[in-house]
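One structure is given below, encoded as structure tokens.
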Amino acid sequence: MQPYSGIRILDLCHWLGSYAGRLFADLGAEVIRVEPPGGLPDRTRATPGAFAFLNASKASVIAETLAEFQALAATADVILLERDAPFWDQAEALRDRFPKLVVTCCSPYGRTGPLADAPASDLTVQAAGGIAWMSGHVGEPPLRLPYGQAAMVCGIYAAVATAICLRDAEKRGRGHLIDVSGQEAIAHSLQNAIQVWDLESRVSVRGGEGTRDASEDVFPCADGHVFFASPPSIPAAWRALIAWMDETGHPSGKALSAPEWSDQEWRKTEAAKSAFRDHFTAFVGSMTKAEIREQAMRRKMITAPVARFPDLPDDPQLQYRDFFTRVNGHRFPGAPYRFSEPVWSVSQAPELSR
Amino acid sequence: MTPDFLADIRFTDLTWAGAGPFGTKVFSDFGADIIKVESSVRIDPVRAGGPFRDRQPGPNRSGYFASRNTGKKSFTVDPKTPEGRAIVLDLVRRSDVVTNNFGAGAMERMGLTYDALRAVKDDIIYLSMPMYGESGPLAQMLGLGMTISGVAGLLWGTAYREGDPIGPGTHYPDHAANPYHAAFAVLAALRYRDRTGKGAKIDLSQVESTINFVGQGVMDWSLSGQEPPVTGNADARHAPHDIYRSKGADEWIAIAVTSDTKWQALCGVLARDDLAADETLATAAGRIQQRARLDAILADWTRARPAEQAAEQLRDAGVPAARVASSRQLIEEDPQLAARGYWQRVEHPELGNSLYAALPFTVDGERIDLKRPPLLGEHTTEVLRDLLAMPEDAIADLEDKGILK
């Protein structure tokens, strides 16, 4: 028995909604990609990794005609539709015909409004939703996030909305039509930028310019980079850094004890950032990521090694928890959450039927 | 609409700061009874963090807190006292779900382990979400969204150039990946409980959750043995594909030519028949070879035009394009979000009439109406009296002893 055993989901997603079906499939739902004879668009457009990740644990069938699709729909609890794929225009008809059915529609801008049909991509959805604006350096362009984040954010909101509506459909017999917008999903994930504008009329600028402390950034070290933060809002972390420097007799400890480092506003300036970078890099530049992490844990400082994918299997904590699994011989991310009951499993993404 | 979909569900919600409360908020938005257990002594750091109404700090004036806690009840108690702990256990007895995002070991120190809570409610659903999991060599690492991004591989890939990592401008994993993986897991556990009668413990390592959020890149590496290239706003398979400067100060436009047809459409908008006819540019491979040249041509065109106007022209021709929107532009100038009623205003005694992002979907054509976030301790007496059936004099006694702070 898995949480979604007995649930059948037809999945016509090829980008923004694909992760939703994946999450249900890992927890026991029968998730069936319903594809035209040539396959849904992601079979040619997605990178091999994206396809393998987003479609694991699913099955695939081919449905050419509306009649074939409707026959499948009659057996389904949930149908996931996505713009620019077959049967996108069938949402209302399906709801009319099957009163307990949950139909979830994913698209870049939603099913309504002036941009409902506008062309889009990962980059433009991240731009239109406001997350690209918030990353990067001032003086350079805004910067998008990597590895298909528009699809991840849209997909996970679609999954949660679908799970809530499915519960209502099962408990009370009420089906629902959910309309998920990728742009809105991104705009829902902007930290506190909406309130910063509404309440204080400030625009949150990329890189936290003017708001982020000099000590909070990415710094080079002997074998890569570390993220480090010891802002004045966490006085113990700043004291711990100075103490660490002093213990080793490094001159940066004395330099960072100068009075200006007590000035929270000055610490947000370019001058402070540049000075901190020089002093801190002089101190940690010859240390490894692992050494810095060990010291930080002992001294309760905030830091993290900047890991690359090949580093992940060597992460001692991920090893301890035996995080990675294997699918078809390839290393594959383990579950995003662990249940005390053995309810999660993953299997290879389906080939297209011939 | 004000949905009652989850009206039969109650949480004893010990989450605080960003990621935890954002995950339980969607339950209160859909009608669940979320009792947020907090403290006026050790205050939720997000209540103490801004932005604040009129820039005046105060526990009930933080917009950040408000945006993570709509529709919840606030219940103040000190769970480290014997009386306080007994009250928390009483709440758990009447709850379906208990949630926390403390560091590893904190729930144990309060005597609120899964086993202890299962002893008072045998089918309880128990969610913990420490940074790196509950035990192990790095379980005590201090977690923030940025440290999670760092160890999960997201920070490395968020860069203009390979080898010069910048990272997301926000504590990104706190704002979708981790809260919504948590919410999805709790919903699954509820269905499992309904079918089997069994509760569950959910151990969500925020690092493992975030590695799944970069899973597309992880799998490209795993399948090929090659790390995906760090390309910034470019795309290794398409060109032109970037963010370009527009007319005005700090104005930008994203343009993504993701097919040969879209390339022809772009040439049409630029009125460049010469480029359209150039066979060396007819395929993505050819355009990638001349990426720098095409970026320069496109940048000349965008620099002369307002971003929104250029984006509209390109979209009308079938080319994916969007103004790179700031928070202000999203709120004040975005016609799509306005047309879909994305922004909601909610009245609040101290925040006044303030702005919220709606849940990013409609249900049956309607928005989910957000309910006002609670004042600190607003529902303490009500919950003790109405839910725990405690007499007034017993409540007064607890207040006198300082248990309800």
Side-chain angles (χ1 to χ4, degrees), chain A residues 3 27 48-50 52-53 113 115 118-121 123-124 127-128 130 132-135 141-142 146-148 152-153 156-157 160-161 163 168 179-180 184-185 188-189 191-193 195-200 203 206 227 302 304 306-309 316-317 320 330-331 333 336-340, chain B residues 5 51 63-64 132-133 136-138 142 147 150-151 153 155-157 165 168-170 175-176 180-181 183-185 187-188 191-192 200-201 203-204 209 211-217 219-223 243 254 256 258 315 320 322 324-328 330 336 339-340 355 357 360-362:
Chain A
L27 292 176
F53 182 76
L115 296 190
S121 74
L123 180 71
T124 66
W133 174 269
M134 297 186 69
S135 297
Y147 317 127
M152 298 312 296
V153 176
I156 204 163
Y157 285 115
V160 168
D168 197 55
D179 173 11
V180 190
E184 291 175 9
H188 197 256
S189 309
Q191 198 156 286
N192 58 2
Q195 287 72 37
V196 167
W197 174 254
D198 180 49
L199 297 177
E200 299 192 352
V203 174
R206 52 189 175 277
F227 170 78
I302 297 163
V306 176
R308 302 168 63 158
F309 294 144
Q317 181 75 8
Y320 174 85
H330 294 285
R331 190 176 271 118
Y337 26 63
R338 295 191 185 205
F339 287 78
S340 50
Chain B
F5 295 12
Y64 198 177
Y132 237 141
L138 304 182
L142 296 177
T147 61
V151 300
L155 200 162
W156 171 259
T170 63
H175 308 307
Y180 274 78
H181 272 141
F184 189 78
L187 287 160
R191 191 173 191 273
Y192 185 77
K201 178 180 180 182
D203 168 17
L204 185 149
S209 159
I211 291 173
N212 274 277
F213 243 56
V214 296
Q216 299 180 47
M219 286 314 299
D220 274 326
W221 162 68
S222 171
L223 293 176
I243 288 176
T258 49
R315 287 190 300 251
V324 182
S326 71
S327 55
R328 183 191 68 74
L330 289 174
Q336 178 67 12
R340 286 175 54 84
L355 191 73
F361 46 80
T362 62

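So that the names make sense, note that chain A is the first sequence line, chain B the second, and so on, each numbered from 1.
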Minimum-distance pair of heavy atoms, taken over all atoms of A/Glu184 and B/Phe361: OE1-N, 3.8 Å
If I measure from the heavy atoms of chain A, does B/Ala322 come under 4.5 Å with its side chain, its backbone, both, or neither? both
Which pair of heavy atoms, one from A/Leu199 and one from B/Pro51, lies closest together, and at what distance? CD1-O, 3.8 Å
Under 4.5 Å to a heavy atom of chain B? For A/Leu27 that would be side chain
Heaviest contributor of heavy-atom pairs below 4.5 Å to chain B, chosen from A/Pro142, A/Ser121, A/Ala50, is A/Pro142
Is the backbone N or O of A/Arg331 less than 3.5 Å from a side-chain atom of B/Ser222, with the two atoms forming a donor-acceptor pair by type? yes
If you tally heavy-atom pairs under 4.5 Å between each of A/Gly113, A/Pro146, A/Ala52 and chain B, the highest tally belongs to A/Pro146
Give the minimum heavy-atom separation between B/Leu355 and A/Asp198, together with the two atoms involved. N-OD2, 2.8 Å
Is the shortest side-chain heavy-atom distance between B/Phe213 and A/Ile156 below 4.5 Å? yes
Validation row: B/Phe184, A/Tyr337 side chains within 4.5 angstrom (heavy atoms): yes
Picking from A/Gly148, A/Ala118, A/Ser189, A/Ala163, which has the most non-hydrogen pairs under 4.5 angstrom with chain B? A/Ser189
Scored by heavy-atom pairs under 4.5 Å with chain A, the best of B/Arg328, B/His175, B/Arg340 is B/Arg340
List the atom of B/Met219, the atom of A/Phe53, and the distance in Å for their closest heavy-atom pair. CG-CB, 3.9 Å
B/Ala325 and A/Ala128 have their tightest heavy-atom pair at CB-O, 4.1 Å
Just so I understand: if I count every heavy-atom pair under 4.5 Å between each of B/Ser209, B/Gly136, B/Ala254 and chain A, which residue has the most? B/Gly136
Once rounded to the nearest 0.5 Å, what's the spacing between atom CG of A/Asn192 and atom OH of B/Tyr64? 5.5 Å
Considering only heavy atoms, which portion of A/Phe227 lies under 4.5 Å from any heavy atom of chain B: side chain, backbone, both, or neither? side chain
Is B/Arg191 reaching over with its side chain to a backbone N or O of A/Pro3, donor-acceptor style, under 3.5 angstrom? yes
Can you tell me which of A/Thr124, A/Val180, A/Val203 forms the most heavy-atom pairs within a distance under 4.5 Å of chain B? A/Thr124
Between the main-chain N or O of B/Leu138 and the side-chain N or O of A/Gln317, is there a donor-acceptor pair closer than 3.5 Å? yes
Need one label for A/Ala185: side chain, backbone, both or neither, based on atoms under 4.5 Å from any heavy atom in chain B. both
Heavy-atom distances under 4.5 Å only: say whether B/Ile243 touches chain A with side chain, backbone, both or neither. both
OG1-CG distance between B/Thr362 and A/Asp179, expressed to the nearest 0.5 angstrom: 4.0 Å
One option among B/Ala339, B/Gly150, B/Ala200 has the most heavy-atom pairs under 4.5 Å with chain A, and it is B/Gly150
Looking at B/Ala357, B/Ala176, B/Gly215, which makes the most heavy-atom pairs under 4.5 Å with chain A? B/Gly215
Looking at B/Pro168, is its backbone amide N or carbonyl O close enough to the side chain of A/Ser135 to form a donor-acceptor pair, meaning the two atoms are under 3.5 Å apart? no
Where on A/Trp133 is there a heavy atom nearer than 4.5 Å to chain B: the side chain, the backbone, both, or neither? both
Mind checking whether B/Asp220 and A/Pro48 have side chains closer than 4.5 Å, heavy atoms only? yes
All heavy atoms of B/Gly157 vs all of A/Tyr147, minimum pair found to be CA-OH, 3.4 Å
